[in-house]
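Quick caveat, the model's predicted, so the values are computed rather than measured.
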Amino acid sequence: QVQLVESGGGLVQAGGSLRLSCAASGRTFDSYKVGWFRQAPGKEREFVATISWSVGTTYYGDSVKGRFTISRDNPKNTVYLQMNNLESEDTGVYYCAASRRTGWTGPTRYEYWGQGTQVTVSS
């Protein structure tokens, strides 16, 4: 059973930076995509970014392009989300997710999920 644990969330001022971490269980994730989603109160879960473990192909949601960077550290089984120039609209619960299924951005394609970490951006 794959387990994902997020960390690094907290309160940050607008314009600041934050780095989230997703620690994953398992010996290897070479066949997986690992991504980040977020959900604000009253809104649907939104795709943020994803990365293929093997070759490092990345995709980003339109609202975070140029500001967020996803990366992975294979020996540590960890995926990071570096968030820069944070705005109030970035506030929400951020979830790490993993998938072996076809597709990159749809939350229903990801079968393993962490518990989430709260990110609050104050203005």
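In the hydrophobic clustering (ILVMFWY side chains linked at under 4.5 Å, chained through shared members), F47 is joined by F37, Y59, V93, Y95, W104, Y110, W113.
Judged by distance alone, with hydrogens and angles left aside, the side-chain atoms of K33 form no donor-acceptor pair with the main-chain N or O of A97 at under 3.5 Å. E6 contributes a side-chain N or O that, together with a main-chain N or O of G116, makes up a donor-acceptor pair within less than 3.5 Å. A distance-only check finds no donor-acceptor pair linking the side chain of R109 to the backbone of G103 [under 3.5 Å]. Checked by atom type and distance alone, the side chain of R67 pairs as donor or acceptor with a backbone atom of N85 at under 3.5 Å. Judged by distance alone, the side chain of T78 and the main-chain N or O of A23 form no donor-acceptor pair under 3.5 Å. A donor-acceptor pair under 3.5 Å is absent between the side-chain atoms of T117 and the main chain of Y94, judged by distance alone. Put simply, the side chain of S123 never gets that close to the backbone of S88: no donor and acceptor are under 3.5 Å apart. Checked by atom type and distance alone, the side chain of S99 pairs as donor or acceptor with a backbone atom of R101 at under 3.5 Å.
Considering only heavy atoms from C-beta on, V119 stays 4.5 Å or farther from L11 through its side chain. With contacts defined as side-chain heavy-atom distances shorter than 4.5 Å, the pair Q118/T91 qualifies. Proximity of V48 to Y60: side-chain heavy atoms (C-beta onward) are nowhere separated by under 4.5 Å. For the pair V2/E111, no side-chain contact is recorded, criterion being any heavy-atom separation below 4.5 Å from C-beta on.
Of all heavy-atom pairs between A49 and L81, the closest is CB-CD1, 4.2 Å. The heavy-atom pair separating Y112 from L4 by the smallest distance is O-CD1, 3.5 Å.
Judged purely by distance below 3.5 Å, without hydrogens or angles, the side chains of R45 and Q39 pair a donor atom with an acceptor atom. For the residue pair E46/S63, the side-chain donor-acceptor check at 3.5 Å is satisfied. Using modelled atom types, one finds a donor on one side chain and an acceptor on the other under 3.5 Å when comparing N84 with S17. Q13 and S122 are not linked by any side-chain donor-acceptor pair at a separation below 3.5 angstrom, with hydrogens and angles left out of the test.
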Practice task
Could you give me the CA-CA distance, side-chain angles and deciding distance for V79 and I70, then say whether side-chain contact (heavy atoms from CB on, under 4.5 Å) is met?
Solution key: CA-CA 7 Å; V79 172; I70 189 170; 3.8 Å; yes
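Transitive grouping of hydrophobic side chains (ILVMFWY, heavy atoms separated by less than 4.5 Å) keeps V5 and Y80 in distinct clusters.
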